[in-house]
Amino acid sequence: MNKKDQSKIYLLLLAFILLQVGEYFISYTLESSVVCTRVSLRTFDSKFFSDELKPLNRGFVHLLRRDLYCVKEFAVLGEEDVSDEVMGVIPNDKNNIQEASMKGLEDGVDKVIFGTISEGMKKDSILIEVQIIDANFESMDTIQLSGKIKDILKLEKDLILEIIKKLGVPLSIDEKKRIERYQTNSFDAFLLYSTGIDYAIKLDKMTYDFEEKSLQDNMRVKIGEIRVKTYDFFARAIKIDPQFAMPHFRIATILYTVGKIQECIKEQNIGLKLDPDDALAYWKCGLTYKYGFDKPQWIEAEPLFRRALEIAPNFYNAHLSIGSIYSDKGYLDKAVAEGKLAAELMPSSPWPYNSLGSYYCNANKIEESIMEFKKALEIKHNFLNSLRGLGFCYYKKGDYDNAILNYNKVVELTLDFFAYYRRGVVYFSKGEYDRAISDYNKAIELNPEYVNAYIDRGVAYEKKGDYDTTILNYNKAIELDSKLALVYYNRGLIYYYKTEYDKAISDYNKAIELDPKHMTTYVNRGIVYDRKGDYNAAISDFNKAIELDSKYAITYSNMGWVYEKKGLLGEAVWCYKKAVELDSNEKFAKSKLKNPSLSNIEPKQPD
């Protein structure tokens with residue numbers, strides 16, 4: 001994997017992990033007209049004497065979550081398990097029941113489900129105790145199931161049907177069939193999968209800490225070791241039961257994080273073929289097409305998001321993903337409708353309002369965007385995505401001070417290289433080049449593979465007149481990504497300033513090879529040929545620029561100057577007049593037309 005891919009994967013992985021870390025919302029009550037039962041499934045406590053069996057709670061909760069999404073009336077909060085260190089395990093005692101109820105109120109859900117899995121009194125037996133509580137703590141139901149440990153898969157099916165019964169939700173025939181589908185009949189495969197999930201949670205936590213908190217480089221080695229172990233558990237589960245879909249999805253996630261997108265998609269497709277009723281899996285497969293490529297692959301992503309909604313119509317994140325498609329296509333009204341529906345489904349989540357802010361921002365409706373980002377921040381005042389969004393909106397609005405304030409909040413909360421980079425862009429726009437360079441330096445320190453930071457740092461040094469350092473930055477950018485035409489164009493301009501004309505032409509040649517439609521590259525190369533005295537090559541480049549854009553006055557001014565030096569005064573005058581016609585403020589052409597030596601020359605259009 002090359003350095004460009006590593007940089008891209010970092011950005012995608014950061015976004016992906018942020019979706020998995022969990023949501024901690026402050027209380028923010030909104031009325032909703034959507035009829036649904038909002039359910040929060042919390043981490044189950046595990047009380048096994050054997051370390052080998054302790055991870056069973058991980059896989060068990062995954063099975064429950066998959067089945068909860070099969071009930072069309074449910075809107076389920078939270079897409080992934082997170083580590084105990086992040087979310088905390090809620091043990092089975094009264095005080096923590098009250099705590100869970102309060103958390104349910106904050107999350108805006110109707111019911112909170114959590115419980116304990118423990119060894120029973122008899123040998124090789126298991127006891128499952130589950131609480132279903134109202135978020136307002138008006139009532140609580142307890143379900144207890146017991147059996148042999150190896151019957152845990154059957155007990156999960158018994159439990160999910162009992163939970164649905166307790167919640168008073170009738171099931172259609174299709175819903176019941178989807179729920180009754182066994183993921184695997186092999187206890188050994190399930191235990192390996194559960195252990196893999198336990199490792200995956202540790203892996204997510206380590207990766208998040210490494211990227212967000214800039215921990216030591218030796219963490220990268222540890223992350224790699226844990227990733228290999230995690231992969232191995234899932235692969236072994238598949239070897240025991242090739243029909244077990246869930247491990248395929250988890251292997252796909254690992255492949256995604258290391259940039260193996262096509263292999264990731266292959267595993268996802270195998271998983272979907274084995275289990276065509278997993279709404280969460282369809283959504284995540286759609287996210288691969290959204291985030292895993294240079295540009296979102298909406299044609300492939302959209303049917304996956306829509307299939308997720310067929311199974312789980314109240315899946316608010318899938319609605320937001322459909323909204324992103326509409327936003328990208330320019331259908332703002334449809335995007336906003338999806339965002340508002342998601343907000344009704346989960347009114348206490350900041351994500352719908354954050355997405356609405358993004359939709360409006362994409363449509364350049366900055367005031368509306370700012371309003372939605374602020375709504376998200378009313379729910380969760382340190383919500384990083386919305387702080388970043390506000391920073392960008394204020395930047396687009398030209399309110400640089402407020403943009404900086406929001407980026408300041410982000411970097412106070414986390415070591416976010418992109419926030420440093422964006423703040424650097426704002427400082428550059430204010431003309432504060434030293435501060436911009438300082439922020440670009442920090443962004444590069446946190447992510448040495450981020451190409452744009454080198455490019456923009458080079459531009460900042462150019463503004464300071466330090467051309468040698470500018471070139472060093474462009475050299476590094478080209479080292480990281482040799483396919484960026486803009487970098488060759490920029491470096492060519494610096495070589496021109498330094499009168500190193502052959503190097504300038506070489507860079508412009510490369511820029512044209514990479515982007516043959518970039519008009520100003522031809523203009524600039526033509527100017528360099530003019531300085532070298534190669535007037536015919538200059539005129540050829542100016543003509544090519546006019547072919548690409550016939551309305552650019554500066555091209556005609558420069559071509560007129562070349563014709564004048566060739567002694568073709570009629571052609572020169574024609575070019576100057578054309579430049580002034582296109583732009584009455586084109587000073588060079590205007591000054592030439594006032595020159596007495598050209599005042600009586602008849603204009604002649606060049607051949």
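Only a predicted model underlies this, so the values are computations on that prediction, with no experimental measurement involved.
Residue Val109 comes nearest to Arg38 through the heavy atom pair CB-O, 3.5 Å, listed as atom of the first residue, atom of the second, then distance. Residues Leu446 and Asp416 come closest through the heavy atom pair CD1-C, 4.1 Å. The two atoms that bring Phe244 and Tyr193 nearest to each other are CE2-CB, 3.7 Å, heavy atoms only. Contact between His319 and Ala342 at its shortest, heavy atoms only, is CB-CB, 4.4 Å. A pairwise comparison of heavy atoms in Ala301 and Tyr289 identifies CB-CB, 3.8 Å as the closest pair. The shortest heavy-atom contact between Gly323 and Ala335 is O-CB, 3.3 Å.
The 12-atom threshold is exceeded at CZ of Phe187, counting heavy atoms of other residues, nucleotides or ligands nearer than 6.0 Å. Few gaps surround NZ on Lys157; more than 12 heavy atoms of other groups in view lie less than 6.0 Å from it.
Comment: Arg236 engages Asp232 in a salt bridge, judged by a side-chain N to carboxylate O separation of less than 4.0 angstrom. Electrostatic pairing of Glu175 and Arg178 does not count as a salt bridge here, judged by no charged N lying under 4.0 Å from a carboxylate O. In this structure, Lys150 does not pair ionically with Asp124, as no charged nitrogen and carboxylate oxygen lie closer than 4.0 Å. Taking a cutoff of 4.0 Å between a charged side-chain nitrogen and a carboxylate oxygen, Glu302 and Lys329 qualify as a salt bridge. Glu412 has no carboxylate O lying under 4.0 Å from a charged side-chain N of Lys409, or vice versa, which leaves the two without a salt bridge.
Here the side chain of Ser46 pairs a donor or acceptor atom with the backbone of Lys54 at under 3.5 angstrom.
Under the ring pair (Phe, Tyr, Trp, His ring centres under 6.0 Å) criterion, Tyr231 pairs with no residue, sequence neighbours left out. Partners of Glu263 by side-chain hydrogen bond (donor to acceptor under 3.5 Å, both in side chains), not counting sequence neighbours: none found.
Taken to the nearest 0.5 Å, the CG atom of Asp328 stands 11.0 Å off from the OH atom of Tyr359. Remark: Leu274 CG to Gln183 CD distance equals 9.0 Å, nearest 0.5 Å. In this structure, the separation between CH2 on Trp298 and OG on Ser321 is 7.0 Å, given to the nearest 0.5 Å. Taken to the nearest 0.5 Å, the CD1 atom of Ile179 stands 4.5 Å off from the CG atom of Leu171.
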* **Test log, rule side-chain hydrogen bond (donor to acceptor under 3.5 Å, both in side chains), inputs Thr116 and Glu129** => CA-CA 5 Å; Thr116 302; Glu129 185 173 3; 5.9 Å; no
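Tyr353 and Phe373 have their aromatic ring centers separated by at least 6.0 angstrom.
For Lys202 and Tyr199, the positive end sits near the middle of the six-membered ring, less than 6.0 Å away and at most 45° from its axis.
Between Phe383 and Trp351, the two ring planes are perpendicular [angle over 60°; tilted spans 30° to 60°].
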